[in-house]
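Here is the structure we will look at, set down as structure tokens.
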Amino acid sequence: MEIQKVSIIGLGALGILFGHQIAKNIGSDFSVIADQQRIEKYKSQGVFCNSQVCEFSYQLPEEEQVADLIIFSVKYDGLEDAIQAAQNHVDEKTIFISLLNGIISENVIAETFGDKNLIWSVALGMDTIKEGNRLTYTNPGMICFGEQNGNDYSPKVKAVKDFFNRVGIVSEINDNMEEKIWSKFMLNVGINQVVAVYGQDFGSVQKPGELRDMMIAAMREVIPVAECEGVKLSEEDIFYWLDLIDSLDCSGKPSMRQDVEAKRKSEVDLFSGTVLKLSRKHGIASPVNKDLFEKIKALESDY
């Protein structure tokens with residue numbers, strides 16, 4: 001099994017970041033699936049990654065050109081539309097990867113395409129800033145991926161690893177991706193929300209103080225919720241993420257802070273909204289996430 005033709009749906013920060021890297025290495029075998037209006041916008045205004053023009057090929061959803069690998073990199077509220085847009089680009093061998101935040105996108109994709117060719121994945125460590133059609137970053141991060149659970153490195157996992165190696169994307173195979181995705185979710189619940197409400201950039205939570213303590217408290221509230229859902233997280237996960245946070249460019253900003261500044265709808269429902277929903281389900285108190293949820297909703301209501 002060899003991956004040759006690759007398509008991506010969604011040119012947000014991760015779509016541009018990884019799309020640019022792939023396009024540089026496989027040329028026209030890489031394409032962006034988008035509707036006509038978006039394609040015209042991308043072509044007329046250009047798409048830029050660290051000031052370099054992204055040389056993307058584009059396909060309409062109705063075009064019937066099958067991809068070996070489809071990467072979903074939209075916001076969660078665009079996932080259903082992205083799944084529909086992918087329908088004509090899929091056959092029985094197409095592999096699917098989701099780079100969405102949260103803990104449910106793989107399950108949503110599997111409802112349509114099944115889980116046979118689904119790879120569980122999460123993007124880690126990048127410090128991207130996206131303004132309009134321009135992306136900047138200093139750390140490209142990596143993609144961690146594998147089977148949902150277990151260390152059976154199937155042909156599809158090996159094929160994706162070989163492809164990432166070929167195009168220069170840093171990646172790592174993980175043998176418990178469900179836990180890894182929950183762990184990344186815990187990070188987003190903390191850093192995205194606290195910086196969105198109270199901070200300006202990563203630097204605001206890299207130093208000891210009230211904001212860093214609040215971020216840790218928000219992350220800590222995910223641990224008992226995850227345990228009730230059958231996923232084991234611990235304080236060690238928090239320490240891991242603190243080390244990563246401290247390595248980021250202090251002037252960078254998490255995606256939710258960028259959403260607030262641009263007056264866009266944020267992913268608060270995916271972060272504290274999910275924590276609160278599961279907390280109610282299991283009878284657990286999550287006061288820090290409740291406060292952050294209310295404050296972010298208030299910010300959005302003022303747009």
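Because the structure is predicted, anything quoted here is derived from the model rather than measured.
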If you look at every heavy atom in Met1 and Ile95, which pair is closest and at what distance? SD-CD1, 3.8 Å

Within this structure, what is the CD-NZ distance for the pair Glu172 and Lys180, rounded to the nearest 0.5 Å? 6.0 Å

Are Ile109 and Phe72 packed together at the side-chain level, in the sense that at least one heavy-atom pair is separated by less than 4.5 angstrom? yes

Side chains of Ser183 and Trp241: donor-acceptor distance under 3.5 Å anywhere? yes

In residues 193-205, what donor-acceptor pairs under 3.5 Å come from side-chain atoms, sequence neighbours left out?
| unit_1 | atom_1 | unit_2 | atom_2 | d |
| --- | --- | --- | --- | --- |
| Gln193 | OE1 | Ser272 | N | 3.0 |
| Gln193 | OE1 | Ser272 | OG | 2.7 |
| Gln193 | NE2 | Val189 | O | 2.8 |
| Gln193 | NE2 | Asn289 | OD1 | 3.2 |
| Gln200 | OE1 | Arg257 | NH2 | 3.2 |
| Asp201 | OD1 | Gly203 | N | 3.1 |
| Asp201 | OD1 | Ser204 | N | 3.3 |
| Ser204 | OG | Asp201 | O | 2.6 |

Between Ile26 and Val167, the two heavy atoms sitting closest are CG2-CG1, 4.0 Å

About how many Å separate CD1 of Ile238 and CZ of Arg220, when rounded to the nearest 0.5 Å? 5.0 Å

Please find the pair of heavy atoms, one from Ile16 and one from Cys54, that lie closest to each other, and give the distance. CG2-SG, 4.1 Å

What about Phe164 and Phe145, are their ring centers closer than 6.0 Å? yes

As an exercise, state the distance from OG1 of Thr274 to CD1 of Ile103, rounded to the nearest 0.5 Å. 5.5 Å

Run the side chain to side chain donor-acceptor pair (under 3.5 Å) test against Glu55 and tell me which residues pass, sequence neighbours left out. none

Might you point out which heavy atoms bring Gly125 and Leu248 nearest each other, and give the distance in Å? O-CD2, 3.5 Å

Which heavy atom of Ala13 sits nearest to which heavy atom of Thr128, and what is that distance? CB-OG1, 3.6 Å

Does NZ in Lys297 sit with more than 12 non-hydrogen atoms of other residues, nucleotides or ligands closer than 6.0 Å? yes

In chain order, what residues pass the side chain to side chain donor-acceptor pair (under 3.5 Å) check against Asn133, with sequence neighbours excluded? none

Check whether the ring centres of Tyr42 and Phe56 lie less than 6.0 Å apart, and answer yes or no. no

From NZ (Lys5) to CG (Asp29), nearest 0.5 Å: 4.0 Å

Looking at Phe48, does the NZ or CZ of Lys130 lie under 6.0 angstrom from its six-membered ring centre and within 45 degrees of the ring axis? no

